[in-house]
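Just below is one structure, and these are the notes that go with it.
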Amino acid sequence: MESYLAELNEAQRAPVLQKDGAMIVIAGAGSGKTRVLTYRIAYLMSKGVDAFNILSLTFTNKAAREMKTRIAKIVGNSEAKNLWMGTFHSIFAKMLRFEADKLGYPSNFTIYDTQDSQRLISAIIKEMGLDKDVYKYKQVYSRISSYKNSLITVKAYFQNPELQEADAMSKKPRLGEIYKEYVDRCFKAGAMDFDDLLLKTNELLNRFPEVLQKYQNRFRYILVDEYQDTNHSQYLIVKALSDKFQNICVVGDDAQSIYAFRGANINNILNFQKDYDDVKMYRLEQNYRSTKNIVEAANSVIDKNKTKLDKVVWTANDDGSKIVVNRLLTDGEEGRFVAGSIFENRMEHQMMNGDFAILYRTNAQSRAMEDALRKKDIPYRIYGGLSFYQRKEIKDVLSYLRLLINPKDEEALKRVINYPARGIGQTTIDKLSIAANHYKRSIFEIIEHLDKIDLKINRGTKNKLENFVNMIKSFQILNQTEDAFMVAETVAKKTGLLQELKKDGTPEGIARIENIEELLNGIRDFVEGQKELADATGSLSEFLEDVALATDMDKDTGDEDRVALMTIHLAKGLEFPFVYIVGMEEDLFPSAMSMNTRTELEEERRLFYVALTRAEKKAYLTYTQSRYRWGKLVDAEPSRFIEEIDDKFLDYMIPQEDYRYKPLIDTDIFGEVDKSKFRQTKPVNGTPPPSHKPTDEQLRKLRKLRPATTPEPVKDNGPSIKLKAGDEVEHMRFGKGKVLQIDGIGQDKKAEIEFEKGGIKKLLLKFAKLKVL
DNA sequence: CTAACTATTGTTTTT
DNA sequence: CAATAGTTAG
């Protein structure tokens with residue numbers, strides 16, 4: 001016991017040793033907060049706290065598993081097994097299953113994923129006869145989601161004229177109706193969406209004092225990781241559960257709050273001290289992860305934010321190398337550079353593939369990276385994006401499984417009732433759907449009792465429907481005696497799913513079959529793994545719950561040595577010796593959608609902070625001059641975030657002649673580039689290049705000068721003038737001349753021109769006012 | 001009712 | 001450019 005305390009520094013030890021009471025740990029990036037949480041739990045247990053009385057909410061299930069393993073090493077496996085540890089969603093899903101009947105839900109309720117929810121909303125919008133261009137299902141979904149996360153129920157919505165007005169103002173006066181219908185339909189289907197898992201937990205704890213008491217007594221000690229990313233709904237759950245004993249420890253870093261878009265409220269962490277009596281505050285400010293260069297560069301970035309807690313992250317580590325900045329022509333080049341650089345670094349420093357991460361703002365950026373890595377035979381793994389369980393063929397199998405567990409699950413039913421095609425078309429489904437709404441029953445029940453209602457469905461179709469229901473029922477019977485693997489395998493075969501793909505024969509079809517096989521293997525592993533656990537049986541419903549709430553981080557592939565590719569969001573909490581942050585461009589990072597308000601921009605900046613602080617040894621920032629976006633080559637300019645890092649931490653790989661603001665500053669009005677002002681390509685023997693960075697004032701002016709969007713939508717390639725070598729041109733000042741050569745593309749397109757009087761000049765076409773003769 | 005075709009529309013970020 | 005929603009012919 002004492003031995004591990006020695007592994008902590010003083011700042012870390014203090015919160016570990018405070019057994020009772022409310023406390024907040026402000027933990028800077030890389031300051032060892034997981035270690036603190038782990039040891040704190042171990043310490044509590046060593047002081048006689050029963051594992052059953054500890055609730056630990058983590059950001060991913062993987063983090064929970066890892067912590068559990070580490071705790072098990074200290075206190076022993078049998079003890080650690082009883083800890084309640086996991087994400088908000090998975091912990092409270094568990095709780096809700098147990099208490100479901102109180103809320104009128106079946107304990108085998110389905111968890112709708114985003115796609116299920118959005119499809120349902122789509123259907124509702126259509127049924128209500130609303131204009132789908134006004135009521136965009138994604139917008140409606142996110143609106144409903146944010147209501148739920150703020151605990152605004154349908155009832156509360158209709159009692160709040162302001163909200164209704166706000167929706168009416170955005171031309172969606174009937175949003176409330178959609179909300180109501182959506183909630184009703186979910187309830188009818190015995191389904192909860194992601195937000196419901198939190199909302200219904202609140203409802204449960206509010207409406208049933210005895211339930212609240214039970215869990216308050218159970219969870220005497222509560223720990224919350226990544227507290228800065230909790231939303232209001234989560235905040236209230238934590239508050240309610242910890243209210244009795246007030247043994248609450250929250251850990252987080254306001255500088256790493258990056259989930260406002262899904263309702264996270266940074267005020268939860270900023271105001272924590274007001275929520276409990278006698279809150280102790282601890283700060284972990286020493287960074288053990290990164291070099292001085294990285295830590296200080298990151299500090300200089302986050303300094304630009306106004307909203308933040310007072311905290312100075314520092315490190316005793318070496319200076320390390322500077323952050324490399326490189327500009328590439330296109331996203332393809334960017335990929336090639338990154339892949340090449342990884343290759344070189346791996347050789348030079350004897351690193352593993354797994355020591356490298358490529359981080360990007362949007363999932364769409366992964367493709368260019370993948371292509372380049374594949375060409376160089378560098379193994380990689382993409383995290384996030386379309387997860388395995390969201391692939392069509394996988395969702396199809398899962399939908400059958402869901403349906404047999406919960407026949408009321410309408411989204412699952414609609415998905416598979418006619419796939420593989422069995423002659424049940426849209427018209428039939430519509431009829432069934434209308435009947436289901438009318439009789440307030442599920443479609444499945446309607447089909448079961450087809451003969452009792454006259455639905456103008458012909459005999460043949462009726463037969464097909466009955467066959468379908470009977471097939472599902474046979475699966476249900478099978479599920480009573482067999483394990484999840486056996487059931488799933490039967491489903492894949494008997495439904496004709498596999499056959500459908502086999503007859504397709506294309507490479508994609510074969511890949512899909514392999515995916516289904518992988519799913520089945522996964523189920524088998526799950527069954528075997530779960531059988532060893534005390535509170536699990538390896539049932540199909542447990543598997544489905546796991547799948548619904550699994551993040552891409554959670555599944556550990558028998559980890560081969562691979563370069564990691566992921567969004568910055570997904571990278572939170574991780575660390576890598578070498579980190580490449582790609583796509584450092586305006587409108588991409590910061591995202592074009594996030595530049596409207598200061599708050600949004602600050603969140604983007606925190607995101608950049610998170611990205612930078614993932615790096616242990618060396619960070620690379622890359623951006624392109626033009627990049628393919630929805631199939632078109634679009635001009636790009638460097639992200640303002642590069643500018644925000646103090647130059648002394650940066651090492652530009654490219655001459656700065658074309659650096660974004662340079663042409664504006666160093667080019668005279670006639671477009672002549674002044675070469676004397678070029679920045680040095682590389683600092684000589686480590687001396688930082690002289691800073692020619694424009695002042696903030698200059699930048700602001702420049703940004704104003706720069707049109708917000710492409711001025712000429714047709715030609716997005718910069719200069720309107722089309723020139724080729726050999727053209728005769730006339731320049732305002734230099735007179736007549738002949739084009740020798742054209743260089744660069746887009747904004748940076750230059751022409752080398754031999755003037756009759758002025759000799760050879762290189763002009764930026766963007767500025768040079770040339771007339772073709 | 002199915003399958004093949006055409007049109008549209010979208011890129012933040014995730015449990 | 002992709003994926004998917006919607007349309008149309010058989």
Side-chain angles (χ1 to χ4, degrees), chain A residues 57-62 86-93 111-115 117-119 122-123 126 132-133 136-139 141-142 145 148-149 192-199 226 229-231 233-234 257-264 331 359-368 383-387 389-392 418-430 457-458 460-461 464 545 547-554 566-572 583 585 587-596 600 603-604 606-608 610-611 627-634:
Chain A
L57 296 161
T58 56
F59 197 63
T60 63
N61 290 310
K62 186 185 176 201
T87 60
F88 273 89
H89 288 86
S90 58
I91 294 277
F92 296 116
I111 297 172
Y112 273 178
D113 67 14
T114 307
Q115 197 186 25
S117 300
Q118 291 184 344
R119 282 186 178 203
S122 253
K126 207 169 172 184
K132 67 175 170 42
D133 296 327
K136 301 210 165 152
Y137 66 93
K138 281 187 180 171
Q139 278 178 21
Y141 171 74
S142 82
S145 170
K148 287 187 173 184
N149 284 327
M192 293 200 196
D193 64 19
F194 286 135
D195 306 314
D196 281 334
L197 296 176
L198 307 173
L199 180 68
E226 306 283 9
D229 286 324
T230 51
N231 62 34
S233 196
Q234 292 167 321
S257 159
I258 53 173
Y259 279 102
F261 72 91
R262 69 172 197 210
D331 42 357
L359 307 182
Y360 35 78
R361 177 69 236 270
T362 67
N363 283 306
Q365 288 165 258
S366 71
R367 168 154 294 164
Y383 294 79
L386 248 205
S387 94
Y389 297 114
Q390 287 169 0
R391 300 212 179 134
K392 187 187 176 308
N418 196 34
Y419 184 81
R422 47 175 76 86
I424 304 173
Q426 197 53 54
T427 358
T428 311
I429 295 170
D430 287 345
I457 292 174
N458 65 43
T461 312
K464 291 171 190 164
E545 170 159 332
V547 163
L549 299 176
T551 62
D552 217 31
M553 291 290 148
D554 289 337
M566 63 186 92
T567 62
I568 302 167
H569 283 89
L570 243 30
K572 195 170 66 161
E585 291 145 36
D587 288 356
L588 186 58
F589 192 21
S591 155
M593 334 284 273
S594 303
M595 302 203 303
N596 304 320
E600 283 174 335
E603 174 147 324
E604 293 284 306
R606 288 194 296 270
L607 195 55
F608 183 46
V610 169
R627 131 177 345 263
Y628 278 97
R629 266 180 131 169
W630 44 89
K632 265 187 151 173
L633 200 61
V634 176

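Sequence lines set the chain letters: A, B, ... in the order given, protein chains first and strands last, and positions in each chain run from 1. All of these numbers come straight from a predicted model, not from anything done at the bench.
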Pair S90(A), T87(A) - check side-chain hydrogen bond (donor to acceptor under 3.5 Å, both in side chains), show working. CA-CA 5 Å; S90(A) 58; T87(A) 60; 2.9 Å; yes
At 4.0 Å (heavy atoms only), tell me whether D133(A) reaches a base, stays on the sugar-phosphate, or touches nothing. sugar-phosphate
For residues E603(A) and F261(A), determine if any side-chain heavy atom of one lies less than 4.5 Å from a side-chain heavy atom of the other. yes
Distance under 4.0 Å to a non-hydrogen atom of chain A counts as contact; along DNA chain C, which nucleotides mark the start and end? dC1(C) to dG6(C)
I need the minimum non-hydrogen distance between K148(A) and L199(A), along with the two atoms involved. O-CD1, 3.7 Å
Go through K138(A) and Q118(A) one step at a time and tell me if the side-chain contact (heavy atoms from CB on, under 4.5 Å) criterion holds. CA-CA 7 Å; K138(A) 281 187 180 171; Q118(A) 291 184 344; 3.7 Å; yes
dT13(B) versus dT4(C) - spacing of their P atoms, nearest Å: 15 Å
Which part of the nucleic acid, if any, lies within reach of K132(A) when heavy atoms closer than 4.0 Å are counted: base, sugar-phosphate only, or nothing? sugar-phosphate
Pairwise C1' distance, dT11(B) and dG6(C) [rounded to whole Å]: 22 Å
Go through it in stages, so that I can follow the logic: the residues are T114(A) and F194(A), the test is side-chain contact (heavy atoms from CB on, under 4.5 Å), and I'd like the CA-CA distance, side-chain angles, deciding distance and then a yes or no. CA-CA 8 Å; T114(A) 307; F194(A) 286 135; 3.8 Å; yes
Give me, pair by pair, the N or O atoms of the protein and of nucleotides 2-6 of chain B that are less than 3.5 Å apart, along with how far apart they are.
| from | atom 1 | to | atom 2 | distance (Å) |
| --- | --- | --- | --- | --- |
| dT2(B) | OP1 | G423(A) | N | 2.7 |
| dT2(B) | OP2 | N418(A) | ND2 | 3.0 |

Could you check whether K136(A) makes a cation-pi contact with Y141(A), meaning its NZ or CZ is under 6.0 Å from the centre of the six-membered ring and within 45° of the ring axis? no
May I ask you to test the E604(A)-S591(A) pair for a side-chain heavy-atom distance under 4.5 Å? yes
Is a side-chain N or O of N231(A) found less than 3.5 angstrom from the main chain of Q234(A), in a donor-acceptor match? yes
Among I568(A), L359(A), T362(A), find the residue that satisfies the side chain to side chain contact (heavy atoms under 4.5 Å, CB included) test when tested with F589(A). I568(A)
Nucleotides 10-15 of chain B: protein proximity per nucleotide (B base, S sugar-phosphate only, - neither; heavy atom, under 4.0 Å): BBBBBB
Counting any heavy atom closer than 4.0 Å, what does R606(A) reach on the DNA or RNA strands: base, sugar-phosphate only, or nothing? nothing
Begin with the C-alpha distance, continue with both residues' side-chain angles, and end with the deciding distance and a verdict on side-chain contact (heavy atoms from CB on, under 4.5 Å) for H89(A) and I111(A). CA-CA 10 Å; H89(A) 288 86; I111(A) 297 172; over 6 Å; no
Distance-only donor-acceptor check, side chains S145(A) and D195(A), under 3.5 Å: yes
